Amino acid sequence: MAQVQCSHLLVKHAGSRRPSSWREEKITRTKEEAIELLQSYRKQIQEGTETFEALASKFSDCSSAKRGGDLGPFGKGQMQRAFETAAFALEVGQLSDVVETDSGVHIIKRTA
């Protein structure tokens with residue numbers, strides 16, 4: 001498999017590589033708080049009370065939020081290692097557990 005397409009929901013924390021985003025100029029939450037937020041979003045998606053795209057649009061600290069979290073297609077070597085490993089391990093439509101990178105913590109949904 002040369003490429004996958006994924007969407008993600010990123011929650012940054014104070015220890016993130018760049019602790020600011022389009023949502024917040026200075027992010028001060030702890031990594032633990034970021035993980036708790038992501039776990040609550042993941043639960044809402046799994047229970048069907050919210051869609052991945054709606055939550056990513058509202059709460060992702062990545063500029064991909066304006067596309068519902070869509071990152072477009074990417075190949076190996078284009079994303080941080082932990083993110084890439086998780087993304088390539090998913091089946092289409094599957095949601096990841098919490099994935100930690102230098103950018104923050106993510107949940108990933110493989111879309112293609």
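In this text the structure is predicted, and so the values were computed from the model without any measurement. We're numbering straight along the sequence, starting at 1. Heavy atoms only: backbone and side chains are in, while hydrogens, waters and symmetry mates are out.
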Handout entry: Gln46 atom CD: more than 12 heavy-atom contacts under 6.0 Å
Key = yes
Problem - Arg23, CZ: over 12 other non-hydrogen atoms inside 6.0 angstrom - result: yes
Do [X] and [Y] have side chains that approach each other closer than 4.5 Å (heavy atoms only, starting at C-beta)?
X      : Y     : answer
Ile108 : Leu95 : no
Thr51  : Ile45 : no
Val11  : Phe59 : no
Lys76  : Phe88 : yes

Quick one: closest heavy-atom pair of [X] and [Y], and the distance?
X     : Y      : value
Leu90 : Arg110 : O-NH1, 2.7 Å
Trp22 : Lys58  : CH2-O, 4.1 Å
Cys6  : Asp70  : O-OD1, 3.5 Å
Ala54 : Glu50  : CB-OE1, 3.5 Å
Glu84 : Gly75  : OE1-O, 4.3 Å
Ala56 : Ala65  : O-CB, 3.3 Å

Handout entry: Salt-bridge contact Asp61-Arg29 (side-chain N to carboxylate O under 4.0 Å)
Key = yes
Practice task
Supply the atom-to-atom distance Leu38 CG to Lys43 NZ, rounded to the nearest 0.5 angstrom.
Solution key: 15.0 Å
Fill in the blank from the handout: CG of Leu10 to OG of Ser16, rounded to nearest 0.5 Å, is 7.0 Å
Please answer whether the main-chain N or O of [Y] pairs with a side-chain N or O of [X] as donor and acceptor at a distance below 3.5 Å.
X      : Y      : value
Thr101 : Phe83  : no
His13  : Gly15  : yes
Ser96  : Ile107 : no
Ser40  : Leu37  : yes
Glu47  : Gln44  : no

Exercise for the section: Step by step, work out the side chain to side chain contact (heavy atoms under 4.5 Å, CB included) result for Glu100 and Ile35. Expected result: CA-CA 9 Å; Glu100 294 183 34; Ile35 290 169; 4.0 Å; yes
Handout entry: Donor + acceptor pair across side chains of Arg18, Ser20 (<3.5 Å)
Key = yes
Practice task
Compute whether any side-chain donor of one residue and acceptor of the other, for Glu53 and Ser7, lie under 3.5 angstrom apart.
Solution key: no
Exercise for the section: Before giving the answer on salt bridge (Lys or Arg N to Asp or Glu O under 4.0 Å), spell out for Asp102 and Lys12 the whole-Å C-alpha distance, their side-chain angles and the decisive distance to 0.1 Å. Expected result: CA-CA 9 Å; Asp102 292 344; Lys12 291 185 174 187; over 6 Å; no
Problem - Leu71 with Val4, same ILVMFWY side-chain cluster at under 4.5 Å - result: yes
Problem - Cluster check Val105, Tyr41: I/L/V/M/F/W/Y, side chain < 4.5 angstrom - result: yes
Problem - Non-neighbouring partners of Lys66 that pass salt bridge (charged side-chain N to carboxylate O under 4.0 Å, His left out), sequence neighbours left out - result: none
